[in-house]
Every structure is written in structure tokens, then in C-alpha cells.
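As a basis for the values below, the full set of heavy atoms in this structure was taken, side chains included, without hydrogen atoms, waters or symmetry mates.
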Amino acid sequence: AYCEISTTLLFTVSSLYLYIRFLIQLCENRCSFLSVDRFGLSPDLNYPTISLSYIEMSLQQESHRPHHRFGNPFKMILSPKGSYLSPKLLALLNSFEETLAGRLKSLKPGGKEDILGLSWMKQAISTLCAVHTDVKTLITDLELPVSDWDEKWIGVYLDNSLRMLDMCVAYSSEISRLSQGHLYLQCSLHNLDGSSTQFMKARSSLDGWKQHINAKNHRLENCFAILDGLTESLNLPKIKNSAKGKVLMHAMYGVRVATVFICSIFAVAFSGSAAKLKDLQVRETCLWTEAFVDLRDFISGEIRGIYSGGKFTALKELEALDVSVKKIYPVIQDGVDPIDAAQLELLTSDLTKKTEIFSVGLDLLAKETDKFFQILLTGRDALLCNLRVGSAVVKPAHPNKNVHKQMVK
């Protein structure tokens with residue numbers, strides 16, 4: 001009913017495309033299927049090697065053709081008009097995508113208790129910093145100056161970088177708002193060591209903290225609109241007559257997917273609702289696709305589970321702090337000394353510990369967010385500097401370190 005022939009072939013780059021087109025045409029004229037089992041480089045990186053399986057089927061078997069979960073590798077390296085990636089360019093792209101896959105794998109928490117802890121969020125922002133630095137390194141390795149960029153690439157980069165800067169400002173404002181709640185808790189803890197009159201002040205401070213934490217930050221609503229726009233721009237632009245441009249756009253696609261996913265997780269965590277959680281659908285031909293899908297499904301599933309359980313926040317440290325406040329609140333009676341001083345002491349100690357953990361975690365997250373902001377701003381300034389009119393050598397503009405703080409205020 002069918003015959004299968006497997007072979008491993010060694011090609012010169014110039015003959016690779018012609019051979020593949022011949023086999024594809026052959027398969028189209030007969031009820032056949034060409035399976036690409038493996039594509040790689042020879043040890044000396046001078047020739048691409050291909051492992052193929054050719055299966056000839058009857059008409060009845062046509063509906064049972066093999067399917068590769070993550071697509072045909074040739075779609076990534078061969079365009080319809082026949083442009084191809086040289087071994088050097090393919091190696092650069094593969095190296096970038098493998099590194100991205102490793103970074104995404106490292107973000108998968110070891111257990112459910114680590115999901116959306118401040119330490120994980122700091123790691124996620126740190127990963128974005130690394131990914132955006134990686135693509136800058138790739139641009140250098142590609143030897144692709146900005147003067148050779150297509151106008152569409154420049155437009156996409158500038159537009160996306162501006163949107164990401166806006167999101168950084170929104171997240172920084174929310175981190176700052178949460179940090180300000182620390183003052184209420186410090187005031188409450190200070191009054192818990194005094195008389196019954198001071199207990200009333202402590203309870204009033206806890207009331208103020210609850211109101212402050214439950215208040216909405218309108219800047220976060222803008223983040224969801226920004227994320228919608230970034231999601232719509234994920235599709236790769238058409239690249240004509242530029243193998244280096246093809247590599248750059250594939251790399252930028254991975255960067256944007258990682259950025260949109262992580263930023264959407266932050267927006268959902270800060271907003272207190274999973275209603276706008278994004279399940280990004282990505283291209284199957286990327287080397288990082290499997291790692292991304294695994295991370296996306298795990299994180300999204302757990303976040304939906306957290307909110308469906310009735311919790312007001314997905315932030316682990318904030319949830320723990322809220323529980324501690326709820327325990328100590330009824331013990332403090334208006335104008336009456338606590339019946340059990342030992343219990344109050346234990347609860348006060350627990351609240352002090354949780355308050356400190358939350359405060360330190362927010363500070364570290366704020367610093368990492370600011371670092372990401374500076375990386376985006378520096379990259380944007382460098383691109384604009386290279387686009388300035390004039391033949392004179394222009395020194396790269398240094399980002400204003402006060403810009404971020406002014407925008408947050």
C-alpha cells in the first residue's frame with residue numbers, strides 16, 4: 001500500500017533549494033508525503049545535512065499523513081521565492097532560539113507555591129532583560145547596521161518599544177503604590193506595643209491598609225489595551241531579499257512573544273482578575289515553541305485556579321500578608337486590652353515578618369523593572385541616534401535616568 005525510503009543527504013547550499021522544490025513537486029503530483037526528520041549542519045559547518053523520509057500512499061491513506069507537532073523546519077529557512085539562510089546565519093538563529101528556549105524553561109516554577117511570588121516575578125523581569133540583551137547581541141553578530149533596516153522593521157521596533165516603556169511605567173506605579181501601604185502597617189505595628197488607646201490607632205491603620213490595597217490603579221487598565229496592540233503586531237512582516245532581515249525578524253518575534261506573555265501575567269497579577277489572561281498562540285516552527293507552550297499552559301492554569309478559588313490577589317506575599325492582618329485584627333478590641341497577651345505577641349511577630357518580606361520583595365522587583373526600562377530606553381535611543389540625519393558622527397544619546405521616576409510620579 002505504501003513504500004518508505006529514508007536517506008541522509010549532504011548538499012551544497014546552492015543545490016539545497018532546487019532539490020527540495022523537486023521533491024515537493026514530486027509529492028504534489030503523487031499521493032505522497034515528504035517527512036523532514038532532521039535538519040542540521042555538518043561538523044565543520046560548511047554543509048547543511050538533511051534526513052528525509054519519503055512515503056508513497058494510496059488515496060485511502062492520504063488522510064492519515066504523519067504530522068509534525070511543531071511544523072516543517074523548511075518553512076523557517078526557505079521562503080516561497082527561494083531565499084535561504086546560510087550555515088552561519090542558521091547557526092546564529094538556532095543559537096538565539098535555543099537560548100530563548102532555555103530561558104523560558106527556567107521560568108517554570110518548581111512547585112505551585114512558587115507561582116507569582118515576588119521572587120518569581122523578579123526572575124521573570126530579569127529574563128526579559130536577558131532576552132532583550134540577547135537580541136542586541138544578535139544584531140551585532142549579524143553585522144546588520146540600522147542603515148540597512150527596512151522602514152517597516154524600524155517602525156515596528158519603535159512602536160513596540162514605546163508600548164513596552166508605557167507598561168513599565170504602569171507596573172512601576174503599581175509597585176510603588178503597594179510599597180506605600182507599608183507605612184500603614186509600620187504605624188500599626190508601632191502602636192501594638194502600647195496601651196488600649198494605641199490599639200485603637202493600630203486598628204485604624206489596618207483599616208487604612210485594607211482600603212489602600214483594594215484601591216484600583218487605572219494605569220493597569222491601559223496595560224491591557226497595550227498588550228492587545230502588541231499581540232496584533234506579533235505576525236512576522238514579509239521579508240524580501242534579506243536573509244539577515246529574515247533572521248532578525250524571527251528573533252524579534254520570539255522576543256515579542258516572551259515580552260507579551262510575561263507582561264500579561266504581571267497585568268493579571270496586579271489587576272486581581274484572570275478575565276483578561278492571554279493564551280498566546282505561536283508559530284510551531286520555532287525551537288522555543290515547546291518550552292513556551294509548556295510554560296504558558298502551566299502558569300495560566302494555575303492563575304485561573306487561584307482566582308476561581310475566590311482569592312483577591314494572585315501575589316503570594318500579599319496574600320500571606322492579608323491573612324496575617326485578618327488574624328490580628330479581631331484580637332485588637334476598641335479601647336480594651338487583649339485577653340491573651342501571648343497570642344497578640346505571636347500575631348504581631350508574624351505580621352512584622354510578613355510585612356518585611358513583602359516590602360523587601362517589592363523593592364527588588366522595582367529595581368529589576370527599572371533595569372528593564374533602562375534597557376528598552378537605551379536600545380530605543382541607540383536606534384534613533386543612528387537614524388539621525390547628517391553624515392557627522394553623533395554620539396549615542398544617554399537615557400535620562402530621571403525620566404522613569406518623573407513618569408511614575
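In this structure, the side chain of S176 does not engage the main chain of S172 through any donor-acceptor pair within 3.5 Å. Side chain of T231 to backbone of L227: a donor-acceptor contact under 3.5 angstrom is found. The closest donor-acceptor contact from the side chain of H250 to the backbone of K246 lies under 3.5 Å. No donor-acceptor pair closer than 3.5 Å links the side chain of E368 to the backbone N or O of M121. A donor-acceptor pair is defined here as one N or O able to donate and one able to accept, closer than 3.5 Å; such a pair exists between the side chain of K244 and the backbone of L142. Judged by distance alone, with hydrogens and angles left aside, the side-chain atoms of D322 form no donor-acceptor pair with the main-chain N or O of L318 at under 3.5 Å. A donor-acceptor pair is defined here as one N or O able to donate and one able to accept, closer than 3.5 Å; such a pair exists between the side chain of S233 and the backbone of L230. At least one donor-acceptor pair under 3.5 Å links the side chain of T289 to the backbone N or O of R283. The closest donor-acceptor contact from the side chain of S188 to the backbone of Y184 lies at 3.5 Å or more, if one exists at all.
Annotation for A101 and L287: closest pair CB-O, 4.0 Å, computed over non-hydrogen atoms. Taking both residues in full, the closest heavy atoms of Y157 and G379 are given as OH-C, 3.4 Å, listed atom of the first, atom of the second, then distance. Taking all atoms of both residues into account, the shortest heavy-atom contact from L280 to V257 is CD1-O, 3.9 Å. Closest heavy-atom contact between W120 and P109: NE1-CG, 3.8 Å. In plain terms, the two heavy atoms of Q198 and N191 that are nearest each other are O-CB, 3.2 Å. Across all their heavy atoms, F96 and V131 have their closest contact at CE1-O, 4.4 Å.
Between the OG1 atom in T313 and the CD1 atom in I213 there is a gap of 8.5 Å [rounded to 0.5 Å]. Atom OG1 of T259 is separated from atom CZ of R256 by 9.5 Å, given to the nearest 0.5 angstrom.
The salt bridge (Lys or Arg N to Asp or Glu O under 4.0 Å) pairs that include a residue from residues 264-276 are E221-K276, where partners are two or more places apart or lie in different chains. Listed by first then second residue, pairs satisfying salt bridge (Lys or Arg N to Asp or Glu O under 4.0 Å) with a partner in residues 120-139 read R103-D134, not counting sequence neighbours.
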**Request:** Output, in order, the C-alpha distance, side-chain angles, deciding distance and verdict of side-chain contact (heavy atoms from CB on, under 4.5 Å) for K316 and L118.
**Result:** CA-CA 7 Å; K316 294 297 183 182; L118 292 176; over 6 Å; no

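By the 30° and 60° cut-offs, the orientation of the rings of F292 relative to F261 is perpendicular. Ring orientation note: the planes of H132 and F372 are nearly perpendicular, at an angle over 60° on the 30°/60° scale.
A donor-acceptor pair shorter than 3.5 Å can be found between the side chains of S173 and N217. There is a side-chain donor-acceptor pair under 3.5 Å between R203 and Y329.
Using a cut-off of 4.0 Å between Lys/Arg side-chain N and Asp/Glu carboxylate O, D159 and R163 are scored as salt-bridged. Salt-bridge formation is not detected for the pair K353/E356: no Lys NZ or Arg NE/NH1/NH2 atom is positioned less than 4.0 Å from an Asp or Glu carboxylate oxygen. A salt bridge does not link D297 to K108: none of the charged nitrogens lies less than 4.0 Å from a carboxylate oxygen.
For the side-chain contact (heavy atoms from CB on, under 4.5 Å) test, residues two or more places apart in sequence or in another chain that qualify with D350 are S324, K354.
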